[in-house]
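Down below is the structure, laid out as structure tokens.
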Amino acid sequence: MIRALLRFMGLAAFGITLLLVAAWGVFALWYHTPVQPRWVLPALWCAIAIAALAAPWLGRWHRPTQIVFVAALVALLGWWGTLKPAHQRAWSDDVARLLESDIARNRVVLHNVRNFDWRSQTDYTVRWETREYDLSQLASADLILSYWMGPHIAHTLVSFGFDDGRQVVFSLEIRKEQGEAFSAIAGFFRNYESVLIASDEYDIVRTRTNARGEDVYLYRLNLSRDAVRKLFLGYLGEAEAIRNRPRFYNTLTSNCTTVVHDIARGIAPSLPLDYRLLLSGHLAEYALDQGGLVPGYNYYALQAAGYVSDRAKAYAGPPEGFPRAIRVGIPGIDDARQNVQP
């Protein structure tokens with residue numbers, strides 16, 4: 001009885017493992033197959049995997065079937081290792097350039113800051129700028145969450161504010177090629193490179209609220225000026241690392257939320273891992289629990305006050321007034337700061 005149970009458990013474990021490996025192989029081949037029609041190699045891999053799954057009941061064909069599967073798996077893994085990220089592709093306009101920075105004491109110059117004028121998702125004016133900032137005037141950091149796929153998944157951005165009223169936003173994004181669209185599943189399979197974008201709020205926030213119709217929330221982070229500076233420089237270090245060595249985006253392990261957590265752990269090493277780092281729509285709740293948002297408010301009050309989509313859509317003034325307009329009534333933001341001209 002015990003032997004039969006152990007045999008059953010062993011076969012079950014073998015079957016589950018093989019099914020997971022088979023599913024991974026199907027998606028890997030589907031997104032990267034060099035053969036047309038696209039389904040040919042995934043179908044061949046499925047056939048080999050099914051035969052391997054049935055191997056214990058194939059009698060004298062048991063071992064040859066396993067050998068074929070192992071050989072196919074080795075070949076698949078070898079091919080997978082040849083997939084490398086690159087900077088030289090036909091990129092979409094909005095991710096065509098890499099952020100560069102020059103830092104000298106408190107002076108930082110950012111090259112390739114995106115400041116597009118978006119009229120729709122496909123109608124826009126391309127504009128890349130060089131901007132200079134004084135790090136001694138770096139005053140605040142705001143967490144921005146843009147919900148594009150239900151209440152549990154959001155794109156994470158961080159906006160940095162200076163004493164003169166200017167804001168610059170950092171966002172880790174997929175580096176789309178021309179005509180390419182994002183797929184969360186494809187993001188597990190080395191389908192996209194990563195790019196770190198620095199952008200004007202009138203570009204990167206407004207395109208999400210106005211052109212894409214996403215629900216966007218903004219929260220003031222409860223950080224000292226020293227911590228804000230470290231977070232800012234952490235983003236610049238991440239951008240430099242990507243520029244020097246291209247990397248793949250990964251939906252689970254290397255995305256817009258994990259980069260914030262990784263940089264933040266450089267400031268506060270005790271920050272714990274949490275499921276809300278995966279379900280990024282709940283990241284603000286995680287930040288509040290860690291003391292990272294304005295104290296004295298519960299999450300629902302901060303969320304209600306931080307909804308900026310309606311204010312962004314209603315704003316009809318000049319671009320430089322946009323950051324003040326969307327922050328009206330948000331806890332932790334000094335009203336006097338909102339009246340400072342950029």
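Numbers here are sequence positions counted from 1. If you're wondering where the values come from, they're calculated on a predicted model, not measured in any experiment.
Hydrophobic cluster membership differs between I50 and V21, with clusters built from Ile, Leu, Val, Met, Phe, Trp and Tyr side chains linked at under 4.5 angstrom. If you chain together hydrophobic residues whose side chains sit under 4.5 Å apart, Y235 and I267 fall into the same group. Using a 4.5 Å cut-off between side-chain heavy atoms of Ile, Leu, Val, Met, Phe, Trp and Tyr, with links allowed through other members, Y147 and L283 fall into the same hydrophobic cluster. A single hydrophobic cluster is seen to contain both V108 and L231, as judged by linkage of ILVMFWY side chains at heavy-atom distances under 4.5 Å, directly or through other members. Connection of L278 to I153 is not established within any shared hydrophobic cluster, with ILVMFWY side chains joined at heavy-atom distances below 4.5 Å, either directly or through further cluster members.
In summary, of the residues considered (Y249, F27, F248), a ring-ring contact (aromatic ring centres under 6.0 Å, His included) with F189 occurs for F27 alone.
Shortest non-hydrogen contact noted between G329 and A305 is O-CB, 3.8 Å. Of all heavy-atom pairs spanning V259 and C256, the tightest one is CG1-O, 3.3 Å. Taking every heavy atom of both residues into account, T209 and A312 meet most closely at OG1-CB, 3.3 Å. Across L99 and A239, no two heavy atoms sit closer than the pair CD2-CB, 3.8 Å.
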* Between V169 and V158, does a side chain to side chain contact (heavy atoms under 4.5 Å, CB included) hold up when you go through it step by step? -> CA-CA 6 Å; V169 185; V158 176; over 6 Å; no
* Could you walk me through whether D215 and W148 pass the side chain to side chain contact (heavy atoms under 4.5 Å, CB included) test, one step at a time? => CA-CA 7 Å; D215 290 320; W148 57 275; over 6 Å; no
* To do: Test side chain to side chain contact (heavy atoms under 4.5 Å, CB included) on L29 and L44 and set out the steps.
  => CA-CA 10 Å; L29 289 167; L44 179 60; over 6 Å; no
* Intermediate values then yes/no, side-chain hydrogen bond (donor to acceptor under 3.5 Å, both in side chains), E201 and S159 -> CA-CA 8 Å; E201 280 192 355; S159 180; 2.5 Å; yes
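Enclosure of atom CG in L19 by more than 12 non-hydrogen atoms of other residues, nucleotides or ligands within 6.0 angstrom is indicated.
Among pairs with a residue in residues 108-126, those fulfilling salt bridge (charged side-chain N to carboxylate O under 4.0 Å, His left out) read R114-D203, D117-R119, D117-R206, R119-D123, at least two apart in sequence or across chains. Identified under the side-chain hydrogen bond (donor to acceptor under 3.5 Å, both in side chains) test for residues 30-44, with sequence neighbours left out: none. Evaluation of the salt bridge (charged side-chain N to carboxylate O under 4.0 Å, His left out) test over residues 167-178, restricted to residues two or more places apart or in two chains, returns D94-K176, E173-R208. Residue pairs meeting the salt bridge (charged side-chain N to carboxylate O under 4.0 Å, His left out) criterion with at least one partner in residues 278-297, sequence neighbours excluded, are R276-D289. For residues 135-144, the pairs satisfying salt bridge (charged side-chain N to carboxylate O under 4.0 Å, His left out) are D142-R220, D142-R327, with sequence neighbours left out.
Taking the six-membered ring where tryptophan is involved, the planes of Y124 and F116 are essentially parallel, since the angle between them stays under 30° and well short of 60°.
Listed by chain and number, the hydrophobic cluster partners of V109 come to none, as no ILVMFWY side chain reaches under 4.5 Å of it.
Here the side chains of S171 and I204 are in contact, with some heavy-atom distance below 4.5 Å. Residues Y286 and P272 are in side-chain contact: their nearest non-hydrogen atoms beyond the backbone lie under 4.5 Å apart. Looking at heavy atoms from C-beta onward, L145 lies out of side-chain contact with V216 at the 4.5 angstrom threshold. Side-chain contact between V308 and Y217 is absent, with no heavy atoms from C-beta onward closer than 4.5 Å. Contact annotation: the side chain of L143 never approaches that of L218 to less than 4.5 Å [non-hydrogen atoms, C-beta and beyond]. Taking 4.5 Å as the limit, every side-chain heavy atom of N222 sits out of range of all side-chain heavy atoms of L293. The shortest side-chain heavy-atom distance between R229 and L135 falls under the 4.5 Å cut-off. Taking 4.5 Å as the limit, every side-chain heavy atom of D200 sits out of range of all side-chain heavy atoms of V205.
Checked for salt-bridge contact, E238 and R243 miss the test: no charged N lies under 4.0 Å from a carboxylate O.
In this structure, a donor-acceptor pair under 3.5 Å is absent between the side chains of D226 and S224. Side-chain contact annotation: E180 with S92, donor-acceptor N/O pair under 3.5 Å absent.
In this structure, the side-chain hydrogen bond (donor to acceptor under 3.5 Å, both in side chains) partners of R107, at least two apart in sequence or on a different chain, are E132. Every residue two or more places apart in sequence or in another chain that forms a salt bridge (charged side-chain N to carboxylate O under 4.0 Å, His left out) with E129 is listed here: R127, R131. In terms of the salt bridge (charged side-chain N to carboxylate O under 4.0 Å, His left out) criterion, R97 has no residue partners (sequence neighbours excluded). In this structure K313 satisfies the salt bridge (charged side-chain N to carboxylate O under 4.0 Å, His left out) test with no other residue, sequence neighbours excluded.
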Let me have the donor-acceptor pairs involving side chains of residues 74-85, under 3.5 Å, with sequence neighbours excluded, atom names and distances please.
{"residue": "T82", "atom": "OG1", "partner": "W79", "partner atom": "O", "Å": "2.5"}
{"residue": "K84", "atom": "NZ", "partner": "G81", "partner atom": "O", "Å": "3.2"}

Side-chain donor-acceptor distances from residues 294-302 under 3.5 Å, at least two apart:
{"residue": "N298", "atom": "OD1", "partner": "Y300", "partner atom": "N", "Å": "3.1"}
{"residue": "N298", "atom": "OD1", "partner": "A301", "partner atom": "N", "Å": "2.8"}
{"residue": "Y299", "atom": "OH", "partner": "Q303", "partner atom": "NE2", "Å": "3.0"}

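Side-chain N or O atoms of E193 include none that pairs as donor or acceptor with a backbone N or O of R247 at under 3.5 Å. Checking side-chain atoms of S254 against main-chain N and O of N250 turns up no donor-acceptor pair under 3.5 Å. Side-chain atoms of S101 never come within 3.5 Å of backbone atoms of L236 as a donor-acceptor pair (strictly under, hydrogens ignored). For N112 (side chain) and L98 (main-chain N/O), a donor-acceptor pair under 3.5 Å exists by modelled atom type. For the pair N255 (side chain) and T251 (backbone), a donor-acceptor distance under 3.5 Å is present. Remark: side-chain polar atoms of H155 are not paired, donor with acceptor, to backbone N or O of T257 under 3.5 angstrom. The backbone N or O of L277 lies less than 3.5 Å from no partner atom in the side chain of D274, so there is not a single donor-acceptor pair.
Residues W118 and Y202 keep their aromatic ring centres 6.0 Å or farther apart. For F170 and F232, the ring centers sit closer than 6.0 Å to each other.
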